[in-house]
Number of protein chains: 2
Amino acid sequence: MNKPANAIRRGRKYDQVLDGARDVFMSCGYEGASVDEIARVAGVSKATLYSYFPDKRLLFLEVVRAECRRQVDEARKVVDIDASPEAVLRHAARRIVDFYISDFGRNVHRIAVAESARFPELGREFYLSGPAFAREQLGEFLQACCAAGVLVIDDVNLAADQFVMLCHADLADRVNFNVQTVFSGDEIERVVAGAVATFLARYRVGTAP
Amino acid sequence: MNKPANAIRRGRKYDQVLDGARDVFMSCGYEGASVDEIARVAGVSKATLYSYFPDKRLLFLEVVRAECRRQVDEARKVVDIDASPEAVLRHAARRIVDFYISDFGRNVHRIAVAESARFPELGREFYLSGPAFAREQLGEFLQACCAAGVLVIDDVNLAADQFVMLCHADLADRVNFNVQTVFSGDEIERVVAGAVATFLARYRVGTAP
DNA sequence: ACCAATGTAAACTGACCGGTTCAGTATCGA
DNA sequence: TCGATACTGAACCGGTCAGTTTACATTGGT
């Protein structure tokens, strides 16, 4: 009794299991990953794994949750700088591009898209602690710029997402559809500079609405 | 002999099979779709299905190819209009938004992202006849606008992709991660208007670079 | 030394899936 | 009407996988 079906027990090798599961899920996706291989990679017996997690599905959800937390914590470190909006935006653009080009970013994105249909709450959780979180951080900065009279933005949320999307121009699709996965510094610089230029053309003070 | 492993035989119920396969693949993904169910949905025996297609993988690839062709053909109909760039861009933006919000667009995108890793050529094929094709069409229009002296664009390819990405602002992520799938006319209008405004702020003649 | 908790290895179950086979039926042109 | 071809339905095979069970080993506190 008193055994909720979604209970997750902690134990000595809990982190081992989660790490192994992350590696296998990231490289194989949900369906492609077998529990036997996860146990093998984690250096743990299948029985131990199942003594921690009730089933594969909850193990997967826990992996994604942990990764989202990790990403949020890391992102919180690098925030506002006391510099011109242009410099801050350039910096942010670099971070955005670097992330979705990275192996990790590609895998997380691929899995989140692929499994959102099967796991309704997964998509929401990933969205909130991923893209939505980034947009929120950026929105706060933009709001400050408006208060300082440097930018003029009527819809800050939309503007923040526009900026993020401008950073995806010409790269994201090629990454997502596995057409090209490594990019030269010039290719990245071209996109970053283009994103900042287009964004500022619209929202910097002294430009027509 | 003389039986290439990748041969696809035509037959009376070929289209039935392809249609059924499309439905099931679109709603379940590649791994999630079982051949038995495809045959059932197609109203065809499994044996007939396997008399057309050598295996599940090639059936899937053929479904995607057919969908890409269909999409390209349909897109070719609605092209340039003799109107202001603003009107044309608004029209294009509506089409872009409507597509990736549609059930079909969501499914195709999800599967292309999910299976690009497993099927290397699939991602490329989808990319070329999807996003890349759209960008090319748009690029030609932008080029004409530049020649007419209405727009000033140094990097037409980048600009075209920027426009497409601006149309994704604030909607695409929510769609891709299954957070929200239906949108009001106002929500769409906000994104479309924002995309056109930002794009023209950067590239219309008489604005600072 | 003992016990209880924790972990291990491996076999096992039941279900599902891709693909094959085959005996029988429907269709259609000559 | 005949015969070739296409299609059916169901059984079947080999394999994989999630999840369970069992019998044994390790560890640590008292």
Side-chain angles (χ1 to χ4, degrees), chain A residues 1-64 111 114-115 118-119 122, chain B residues 1-64 111 114-115 118-119 122:
Chain A
M1 59 194 67
N2 208 15
K3 177 166 161 281
N6 54 358
I8 292 180
R9 197 178 65 86
R10 301 306 159 100
R12 193 156 27 106
K13 309 199 166 180
Y14 183 86
D15 291 342
Q16 263 183 60
V17 174
L18 219 57
D19 287 352
R22 187 198 58 210
D23 290 354
V24 178
F25 278 133
M26 287 300 155
S27 62
C28 305
Y30 179 76
E31 291 284 355
S34 87
V35 177
D36 288 273
E37 195 186 355
I38 291 174
R40 194 178 54 76
V41 169
V44 142
S45 78
K46 208 174 159 186
T48 298
L49 186 155
Y50 272 104
S51 81
Y52 291 162
F53 300 92
D55 58 24
K56 184 187 181 185
R57 189 171 162 281
L58 282 178
L59 170 58
F60 178 64
L61 280 174
E62 204 51 36
V63 165
V64 174
I111 295 199
E115 311 299 345
R118 208 188 316 264
F119 301 100
L122 182 150
Chain B
M1 58 195 68
N2 209 16
K3 178 164 158 280
N6 55 357
I8 293 179
R9 196 178 66 87
R10 302 304 160 100
R12 194 163 20 112
K13 309 199 166 181
Y14 183 85
D15 291 342
Q16 264 184 60
V17 174
L18 219 55
D19 287 352
R22 186 197 58 211
D23 290 353
V24 179
F25 278 134
M26 288 300 157
S27 63
C28 305
Y30 179 75
E31 292 284 355
S34 86
V35 178
D36 287 273
E37 197 187 354
I38 291 173
R40 193 178 55 76
V41 170
V44 142
S45 77
K46 207 172 159 187
T48 298
L49 186 155
Y50 273 105
S51 83
Y52 292 163
F53 301 91
D55 57 26
K56 184 187 182 186
R57 189 172 164 281
L58 282 178
L59 169 57
F60 177 65
L61 280 175
E62 204 52 35
V63 166
V64 174
I111 296 205
E115 310 300 345
R118 208 187 317 263
F119 299 100
L122 183 149

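In what follows, chains carry the letters A, B, and so on, assigned in the order in which the sequence lines appear, proteins first and then strands, with residues in each chain numbered from 1. Being a predicted model, the structure only gives us computed values, none of them experimental.
- Straight-line distance from the CZ atom of B/Phe60 to the P atom of C/dG18: 13 Å, rounded to whole Å.
- When heavy atoms are screened at a 4.0 angstrom cut-off, B/Arg57 is found touching no nucleic acid atom at all.
- Of the side-chain N and O atoms in A/Tyr52, none sit less than 4.0 angstrom from OP1 or OP2 of C/dT6.
- OP1 and OP2 of D/dG28 both lie 4.0 Å or more from every side-chain N or O belonging to A/Arg12.
- Rounded to whole Å, atom P of D/dC7 lies 9 Å from atom CD of B/Gln16.
- A perpendicular orientation is assigned to the rings of B/Tyr30 and B/Phe119, their planes being inclined by more than 60° (bins at 30° and 60°).
- Out of D/dG9, C/dG7, D/dT21, the shortest distance to the side chain of B/Ser45 is found at D/dG9.
- Looking only at side-chain heavy atoms (C-beta outward), B/Tyr14 and B/Glu62 come within less than 4.5 Å of each other.
- Across all strands, B/Arg40 comes closer than 4.0 Å to no nucleic acid atom at all (heavy-atom distances).
- Between C/dT8, D/dT8, D/dA6, one nucleotide has an atom nearer to the side chain of A/Val44 than all others, and that is C/dT8.
- At the heavy-atom level, B/Thr48 lies under 4.0 Å from base atoms of the strands shown.
- Going from atom CG of A/Asp15 over to atom P of C/dG7 covers 12 Å, rounded to whole Å.
- D/dG15 atom P lies 18 Å from atom CD of B/Glu31, rounded to whole Å.
- Counting heavy atoms from C-beta on, the side chains of B/Leu59 and B/Leu18 come closer than 4.5 Å.
- With D/dA18, C/dC22, D/dC7 as the candidates, the nucleotide lying closest to the side chain of B/Arg9 is D/dC7.
- Backbone-only engagement by B/Gly43 is indicated by non-hydrogen atom pairs under 4.0 Å involving sugar-phosphate atoms exclusively.
- Rounded to the nearest 0.5 Å, atoms CG (B/Asp55) and CG (B/Leu49) are 10.5 Å apart.
- The base of D/dG19 is paired with the side chain of A/Lys46 by a donor and an acceptor separated by under 3.5 Å.
- Seen from the ring of B/Phe25, B/Lys56 does not count as a face-on cation partner, given the 6.0 Å and 45° thresholds.
- When rounded to the nearest whole Å, the span between CG of A/Asp36 and C1' of C/dA11 equals 12 Å.
- One finds no side-chain N or O of B/Tyr50 lying less than 4.0 angstrom from the OP1 or OP2 phosphate oxygen of C/dT21.
- Among the atoms of the strands shown, none is found under 4.0 Å from any heavy atom of B/Ala39.
- For A/Leu49 and C/dA9, the CG to C1' distance is 15 Å, given to the nearest whole Å.
- Across the protein-nucleic acid pair, A/Glu37 atom CD and D/dT16 atom C1' stand 13 Å apart, rounded to whole Å.
- Residues A/Ile111 and A/Phe60 are in side-chain contact: their nearest non-hydrogen atoms beyond the backbone lie under 4.5 Å apart.
- For the pair B/Tyr14 OH and D/dT5 C1', the computed distance is 19 Å after rounding to whole Å.
- The residue B/Phe53 sits apart from the nucleic acid: no heavy atom pair falls under 4.0 Å.
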